[in-house]
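What you see below is based on every heavy atom in this structure, not just the backbone, and it leaves out hydrogens, waters and symmetry mates. This structure is a prediction, so every number in the text was calculated from the model and none was measured.
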Amino acid sequence: MTISVINFGCRLNSYEGEVIRQQAQAAGLEGAIIFNSCAVTSEAERQVRQAIRKARKANPDAKIIVTGCSAQVHPDMYKNMGEVDNVIGNIEKLEKSGYEFAIANTEKILVNDIMSVKETASHMVTSFEGKARAFVQVQNGCDHRCTFCIIPYGRGNSRSVPMGDIVAQARKLVESGYKEIVLTGVDISDYGKDLPGAPTLGQMMRRLLALVPELPRLRLSSIDAVEVDDDIYRLLADEPRLMPHIHISLQAGDDMILKRMKRRHLRKDALDFCDKVRKLRPDIVFGADIIAGFPTETEEMFLNTLKLVSEAELTYLHVFPYSARAGTPAARMPQIPKDVRKERAARLRAAGEKRLAEYLQSQIGKTSEVLVETEREGRSPHFAVVELDTPCEPGSVVEIKIIGADNYKLLGSALSLSLSRVPEREIAGIAGNG
């Protein structure tokens, strides 16, 4: 073992995990396990701590470094763990000097004020270990203060990557053989507000697709429906390279809860957005993040959220029982019992599973182009998992006929295979989770 990077949480962490690897290697770090943590829920932090203890037992001589949002927000929690050698903040993790600090080991913690950061540094990443698709960071941080969310204190204020840097990164990834790029950030709907001329996310995407015509597939990470600009709507209508899959940062489907969350949208906004996009791109599928059991949520309020799953025809749900984050306004509101939160989350997941199963059944008999992630599995343009009936080259794009479905994935028979692939790296055993 030289350097092992273990990412938790969001797609932005997956991108930053490759930057961490580059910077740690440049610093000369060896024999290290770096945990790139998440702080979105207390359960996420518990999983990080559990993984650290397990890693220490299995690797008693390794240097264990913790970084990421949880390390930024709660550095002392990891400082007090005997298994941890160093704690590095969310800015320091992207700099060579952060790992030079870890090598010197004069102190245990290097975590600076994230709110003082004004720019997002551009890092050229040419490959993603164990991934068939590539990620490009377009933005970091968040200017909004939803009452349940601790992430702005781990990521800082919103800041955007210049368009030229994004285009250069995408072009390099395509040259390396990647056929799908995912635009990622903390709040990508806010893209460009801090840049000269204040370009929008849609304007950046149009420029990216125009200047990198050889890019076959572009995908968006989570967006806020009320912040979508006209250029994105035009791309959804006219650009087949933009994948027909949108993940909405929804959180709830009841107006009172949305107001108490301090969200930017109401229930009708979400429904109107889905209706508008579906008219432009009839085959579109939607995913959504939803929090179950937010403080003060009554059964009636919860049912408004539950009904929205079918009314908006949401296909992929990421459901989280509400987790109180110390220092957030929601943590001071009247709390819902944990067993009620879990029960409501289970009902939402059941509704999501039903919707997904219905969607998968509706695809039988159709053809699709699948990005292969392992020899026997890939993802459709609509982000459905596809089990392949014959081994295919990871990193390639396969035309398939959908011959069946179960509750969670499609079954596909390969019709043709692109000869291009992701070169110069070991991609056997790609996990395909992202």
Above 12 or not: heavy atoms from other molecules or residues under 6.0 Å from [atom1] of [X]?
X      : atom1 : result
Lys108 : NZ    : yes
Met256 : CE    : no
Lys193 : NZ    : yes
Glu300 : CD    : no

Which atom pairs, one a donor and one an acceptor, fall under 3.5 Å between side chains of residues 230-238 and the rest of the protein, sequence neighbours left out?
from	atom 1	to	atom 2	distance (Å)
Asp231	OD1	Arg206	NE	3.3
Asp231	OD1	Arg234	NH2	3.0

Query - For Ser42, side chain to side chain contact (heavy atoms under 4.5 Å, CB included) partners two or more places apart - result: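 For Ser42, the residues satisfying side chain to side chain contact (heavy atoms under 4.5 Å, CB included) (neighbours in sequence not counted) are Ser323, Arg325.
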Once rounded to the nearest 0.5 Å, what's the spacing between atom [atom1] of [X] and atom [atom2] of [Y]?
X      : Y      : atom1 : atom2 : result
Ser70  : Phe8   : OG    : CZ    : 10.0 Å
Asp224 : Ser249 : CG    : OG    : 5.5 Å
Met81  : Met77  : CE    : CE    : 8.5 Å

Requested in this report: Examine distances only and state if a side-chain atom of Asp76 and a backbone atom of Lys79 form a donor-acceptor pair shorter than 3.5 Å.
Outcome: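 Not a single qualifying donor-acceptor pair exists.
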Below 4.5 Å, heavy atoms only, C-beta onward: do [X] and [Y] meet side chain to side chain?
X      : Y      : result
Thr305 : Ile290 : yes
Ser368 : Ser380 : yes
Glu227 : Asp190 : yes

**Report entry** Pairs involving residues 273-284, ordered by first then second residue, that meet side chain to side chain donor-acceptor pair (under 3.5 Å) (sequence neighbours left out)
**Finding:**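 Residue pairs with at least one partner in residues 273-284: Asp283-His382.
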Report task. For Arg263 and Phe148, run side-chain contact (heavy atoms from CB on, under 4.5 Å): C-alpha distance rounded to whole Å, both residues' side-chain angles, the deciding distance at 0.1 Å, then the answer. Result -> CA-CA 10 Å; Arg263 297 295 294 164; Phe148 56 84; 4.1 Å; yes
Do [X] and [Y] meet the criterion of a side-chain donor-acceptor pair at a distance under 3.5 Å?
X      : Y      : result
Thr67  : Asn36  : no
Glu399 : Thr367 : no
Thr184 : Gln137 : no
Gln22  : Glu18  : no
Thr41  : Tyr322 : no
Asn112 : Glu92  : yes
Arg260 : Thr296 : yes

**Report entry** Carboxylate-amine/guanidinium contact Glu16 Arg155, below 4.0 Å
**Finding:**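 Answer for the salt bridge query: yes.
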Query - Single hit among Arg241, Arg379, Arg219 for salt bridge (charged side-chain N to carboxylate O under 4.0 Å, His left out) with Glu180 - result: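 Option passing the salt bridge (charged side-chain N to carboxylate O under 4.0 Å, His left out) with Glu180: Arg219.
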Report task. Start with the C-alpha gap between Glu373 and Arg133, add the side-chain angles, then the distance that decides, and say whether salt bridge (charged side-chain N to carboxylate O under 4.0 Å, His left out) holds. Result -> CA-CA 8 Å; Glu373 296 178 328; Arg133 65 176 53 81; 2.5 Å; yes
Query raised in the report: Are the ring centres of His265 and Phe273 closer than 6.0 Å?
Result: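 Here the rings of Phe273 and His265 have centres that are no less than 6.0 Å from each other.
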Report task. Check step by step if ring pair (Phe, Tyr, Trp, His ring centres under 6.0 Å) holds for Tyr316 and His245. Result -> CA-CA 10 Å; Tyr316 305 107; His245 162 239; 5.6 Å; yes
Query - Six-ring centre of Phe286, Arg355 cation under 6.0 angstrom, axis tolerance 45° - result: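 No, Arg355 and Phe286 do not form such a contact.
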Query - Leu12 vs Asn140, side-chain contact (heavy atoms from CB on, under 4.5 Å): CA-CA, chis, key distance, verdict - result: CA-CA 9 Å; Leu12 182 54; Asn140 203 340; 3.8 Å; yes
